[in-house]
Structures are given as structure tokens and as C-alpha cells.
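The shown structure was predicted, so the numbers you read here are calculated from the model rather than taken from an experiment. The figures here come from the full heavy-atom set of this structure, side chains too, leaving out hydrogens, waters and symmetry mates. Just so we're on the same page: letters track the sequence lines, and every chain starts at 1.
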Amino acid sequence: MPELPEVEVLARHLRPLLRDKTIRAVEVRRAKVLRPTLLRELKKVLVGARFTGLSRRGKYLLFELRSPTAGKPVMLLGHLGMTGRMFVTPKSVSLPKHAAVIFDLGRQNFIYEDTRYFGRITLDISAVLKLGPEPLSDDFQPAAFARALKRSRQAIKVKLLDQSLLAGVGNIYASEALFLAGISPKRPANQLTLVQVKKLRRSVREILTKAVAGGSTVPLNFIGGRSDGLFYFGRAPDTPDYYVERLRVYDRAGKPCIHCHRPIKRIIQAARSTFYCPHCQI
DNA sequence: CACCATGTTCCTTG
DNA sequence: CCAAGGAACATGGT
């Protein structure tokens, strides 16, 4: 379910549910999601520890815990990969098929579930140290962004997915931001003018901000079988439909562009699908 | 059977 | 050394 907005909504959802809860036990059903942390180490550090904070960085969740024995806080890093989910449930609720890690919180379980097991829950936080600026913070400055883009001939769409350049944009919102900015995903990064770079920066921020706002109003069901689809929908209070699509180009190949009504095109870049309007994006 | 999927990392090639 | 492209990881949906 993960790009920055989904992870942000998840962090807001989990924060009050985990605060001050103590981990009584940890059950790991898929040890590969701990990589490179070992099961022994994870249990030693986390059993008896209490959740004291939760933050998001890019697509990562950072859990802060304190244990009675250790003085300084422990950081636990979570990433959802392509299909990961996290939720808190009463123990009476049965575990999903692909539950990878189950934290026993007493009356409740905190579950990390991941169909494809591409995600991680680990004590190794080195990945966050390599991330670029947060797109929605003041650290995301146009000058530095422009400088970084000037150093590469790679297509701008591919650069948007580079987490060391900017943290949190994924395949869906990269297409969405370029559509809003009117910039072709194929344009070499070093060909963007400063005006285009600034426009793209604004578009990225607008797309992500609206996605977070939309996702936050959806009555999320983290227990149900298919909650991830909800993240790309927003509640439309005045519409007869309960949900309204908010994506403008992604997954719309062959359908009419919402601006010029010409067909949206799908191409492959860096082995990922890109959707764009060849007429509106130059 | 074919192809597709919200991500990251590793390997190869130039 | 770097940039760029592709495969691998694993499971499920259409």
C-alpha cells in the first residue's frame, strides 16, 4: 500500500494505538523481513520495551521504544514494500495468511502483514540515512533539487523515484505529479528549466498533500482483506458514490485525458509503468 | 498460460 | 569511480 501519503496516514492511525503499549512477546513467521537483524537480537531488544513515539521518513516508519533495562531509546524501522500492512487488532481476530511479525501487546496484537514479503521490520536504520529531503518540508528546496537534476540525463520520471534525491515519491504519484506539472516523463532531467523544476516541485507537494488529506478522511479498515485499495480513493461527501477516484493519469492507459480528451499512453521506464498524456505533457 | 502489480537492492554493462 | 538498465525477491489478480 505504500507511497508517502499511505505511510503518513498509517503513521497517524497507529500512533495513538501504540503509544505506551508494551511488547510482551514477538512472533516472527517470516524471518526474511527482519533482514539484516537476527530473530534473537530482535527479541532481546524489543520484548519488554514500550512504544514511545512513531514518525515517518519517506516511505519508512520509525518506531521509538524504551525498555526498562536499556538507557537510550531503541529505533525500529518499518517499510511496507509493495503489499505490506500494519494494524492493531484484538487478539480474538484471526491472523491474516501472510502475517510476518506479530507483536503481543497484551489484549491486542500489533501485526505486520505482507503478501509478497518485500517489506521489512528491522533494527537496521541505515536506509533512512541515505534518503533525500522530505517533499513536504522546507528541506525540499528548488535550488538543490535543480542542481541534482542537472547532473543527470536520466528521464525525469526515473529521477522522481530516486529516494536519495527526494524521499517518498513512488510510481503512482510520480506519474500524477508530472501530469499536473505538464512535463513529459521522458524528458531528460538535465533539460528541465528552472521554471519547470519549480513547477514540478510545487506539483509533487500538491499531489502528496492532497493524497494525505484524502486518505485521512477515508474510514480506513486495516483489518479487512483489501484495505489498500482505499488509499487511492477519497471520500466524496456530496456524491452519491461513497468514494471518488482521485488519480488523474495513473492506470488510465487508453482512456481520455481529462484535459484534452486524447488517449493516455502507457510506457515502460526503468522497468516500471508510466502513464502520461503526450499532448499535455511536453 | 500470459502479463501485471504502490519497492528496493544487487549485478552487469558501458 | 559513475550512470543506466535489468533481474531478483514472492504472491496474487485478471
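Residues of residues 271-278 of chain A having a heavy atom closer than 4.0 Å to DNA chain B, listed by number: A/R272, A/S273. Listed in residue order, the members of residues 147-171 of chain A having a heavy atom less than 4.0 Å from DNA chain B are A/Q163, A/G170, A/N171. Contacts of residues 109-131 of chain A with DNA chain C (heavy atom under 4.0 Å): A/T115, A/R116, A/Y117, A/F118.
Cluster note: A/I267 groups with A/Y276 through ILVMFWY side-chain heavy atoms spaced under 4.5 Å, whether in direct contact or through intervening members. A/Y60 belongs to a hydrophobic cluster whose other members, connected by ILVMFWY side-chain contacts under 4.5 Å either directly or through intermediates, are A/L62, A/M75, A/L77, A/I125, A/V128, A/L129, A/L131.
Two residues are said to be in side-chain contact when any heavy atoms from C-beta on lie closer than 4.5 Å; A/V169 and A/L4 fail this criterion.
Remark: A/R201 engages no residue in a salt bridge (Lys or Arg N to Asp or Glu O under 4.0 Å) (not counting sequence neighbours). For A/E176, the salt bridge (Lys or Arg N to Asp or Glu O under 4.0 Å) criterion is met by no residue, not counting sequence neighbours. Residues that satisfy the salt bridge (Lys or Arg N to Asp or Glu O under 4.0 Å) test with A/D104, not counting sequence neighbours, are A/K91. Considering only residues two or more places apart in sequence or on other chains, A/D20 meets the salt bridge (Lys or Arg N to Asp or Glu O under 4.0 Å) condition with A/R50.
Between A/F103 and A/F110, the ring planes are parallel. Angles under 30° get that label, and only those over 60° would be called perpendicular.
Within the structure, the salt bridge (Lys or Arg N to Asp or Glu O under 4.0 Å) test picks out no pair touching residues 263-282 of chain A (sequence neighbours left out).
Of the P atoms belonging to B/dC11 and C/dA10, the separation is 15 Å, rounded to the nearest Å.
In this structure, A/R248 forms no cation-pi arrangement with A/F179, as its terminal cationic atom is not both closer than 6.0 Å to the ring centre and no more than 45° off the ring axis.
Between chain A and DNA chain C, the heavy-atom contact criterion of under 4.0 Å yields a 5' to 3' nucleotide range of C/dA4 to C/dG12.
Helical stems in DNA chain C, defined as runs of 3 or more consecutive Watson-Crick or G-U wobble pairs with both donor-acceptor distances under 3.5 Å, are listed by first residue as B:2-5 with C:11-14, B:7-14 with C:2-9.
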